[in-house]
Amino acid sequence: MSETPALDWDAAWRERRTPWELWGPTPALEALVASGALRDLGLPEGARAAVPGCGRGHDLRVLARQGLEVTGFDIVPEAVAEARHLLALNGDRGTVLCRDVLGLLPEYAGTFELVYDYTCFCALRPHLRPAYAKVVQGLLRPGGWLLALMFPMAETHAGRGRPPYLVTPAVAETVFTPLVLEDSAVPDVPGDPRAGAQRWYVWRKNCSP
């Protein structure tokens, strides 16, 4: 059987065929911030945070409001324009760049104390996941954190030959090695439409080279 053609990202955004889009901040991220779990990572004041595949930048704004210096990356010019507009509209500070996330190295090597992933990993075709994991590892400074809300971890929320691609626990727990998996938890957010299909994972990059 032939492989399904790659998604035309520009057309998908233009035609609003974006089932991963929540049209607002991710409830689980807002809950995590409210709980103090992000603060507990001990990020330095003004820490730099990268958001690959940031889309319209809803979560970018949530992180910016925590005092982080945020940089979002997305491959779709329309998404980048909307993210910039929404940042300005809401009075939030951040940078959004039109870039292929798989091509961020070596330019941004060792730049960020935090990388936040939600729906970028699952948007990539599965054979690209190891390459993406290497990019994420390269973006982090020693001692930096990867905070990822893995989705979809249930067949009912996965696309059929299209994003979002199913993420299994085995993949989620191992793909970012040699980053150290520090924590994992199921978000508990009342009314979350994706309850039961997502899970937090927190990794850390070793401080030694």
Heavy-atom closest contact ([X] atom, [Y] atom, distance):
X: A123; Y: P163; value: O-CG, 3.6 Å
X: V101; Y: P52; value: CG1-CB, 3.7 Å
X: P152; Y: L166; value: O-CD1, 3.4 Å
X: C207; Y: P142; value: O-CB, 3.3 Å
X: V202; Y: W145; value: CG1-CE3, 3.5 Å
X: A83; Y: G55; value: CB-O, 3.5 Å

Residues in salt bridge (charged side-chain N to carboxylate O under 4.0 Å, His left out) with [X], at least two apart?
X: R99; answer: E107
X: R39; answer: none
X: R141; answer: E113

Assigning hydrophobic clusters by single linkage (Ile, Leu, Val, Met, Phe, Trp, Tyr; side-chain heavy-atom cutoff under 4.5 Å), is [X] placed with [Y]?
X: L140; Y: L149; answer: no
X: V180; Y: L43; answer: no
X: V175; Y: L147; answer: no
X: V136; Y: L128; answer: yes
X: L63; Y: F112; answer: no

* To do: Sequence neighbours left out, what passes side chain to side chain donor-acceptor pair (under 3.5 Å) with D59? Give chain and number order.
  =>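 Side chain to side chain donor-acceptor pair (under 3.5 Å) list for D59, sorted by chain: T26, Y116.
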Of all residues at least two apart in sequence or in a different chain, which pass the side chain to side chain contact (heavy atoms under 4.5 Å, CB included) check with [X]?
X: A31; result: V189
X: V135; result: L104, L105, L139
X: A37; result: L32, S35

* To do: Kindly assign one of parallel, tilted or perpendicular to the pair H157 and F151, based on the angle between their ring planes and the thresholds 30° and 60°.
  =>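 H157 vs F151 ring planes: perpendicular.
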* Linking Ile, Leu, Val, Met, Phe, Trp and Tyr through side-chain heavy atoms less than 4.5 Å apart, which residues share a cluster with L89? ->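 L86, which link up through side-chain heavy atoms under 4.5 Å apart, make up the rest of the cluster.
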* Asked: Going by the ring-ring contact (aromatic ring centres under 6.0 Å, His included) test, which pairs reach into residues 57-80, not counting sequence neighbours?
  ->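 Checked against ring-ring contact (aromatic ring centres under 6.0 Å, His included) - neighbours excluded - the pairs reaching residues 57-80 are F73-Y108.
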Could you tell me if the side chain of [Y] sits less than 4.5 Å from the side chain of [X], heavy atoms only?
X: V76; Y: V80; value: no
X: C54; Y: V96; value: yes
X: D192; Y: Q198; value: yes
X: Y118; Y: M150; value: no
X: L87; Y: R61; value: yes

* Quick one: does K205's side chain have a donor or acceptor within less than 3.5 Å of a partner on Q137's backbone? ->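 Flag set: sc K205 to bb Q137 pair under 3.5 Å.
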* Asked: What residues, two or more places apart in sequence or in another chain, satisfy ring-ring contact (aromatic ring centres under 6.0 Å, His included) together with W203?
  ->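 Partners of W203 under the ring-ring contact (aromatic ring centres under 6.0 Å, His included) test: F176, Y201.
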* Asked: Would T71 and L60 count as a side chain to side chain contact (heavy atoms under 4.5 Å, CB included) if you check the C-alpha gap in whole Å, the side-chain angles of each, and the deciding distance to 0.1 Å?
  -> CA-CA 8 Å; T71 302; L60 199 70; over 6 Å; no
* Does anything in residues 176-186 pair up under side-chain hydrogen bond (donor to acceptor under 3.5 Å, both in side chains), and if so which pairs, sequence neighbours excluded? ->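 Every side-chain hydrogen bond (donor to acceptor under 3.5 Å, both in side chains) pair that includes a residue of residues 176-186, provided the two are not neighbours, is S184-R199.
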* Of all pairs that satisfy side-chain hydrogen bond (donor to acceptor under 3.5 Å, both in side chains), the ones with a partner from residues 85-94, not counting sequence neighbours ->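 Qualifying pairs, neighbours excluded: R65-D92.
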* **CA sep, side-chain torsions, deciding dist, call: L114, R48, side chain to side chain contact (heavy atoms under 4.5 Å, CB included)** => CA-CA 6 Å; L114 175 71; R48 298 192 66 180; over 6 Å; no
* To do: Can you measure from CG (L29) to CD (Q66) and round to the nearest 0.5 angstrom?
  =>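 Here the interatomic distance stands at 8.0 Å.
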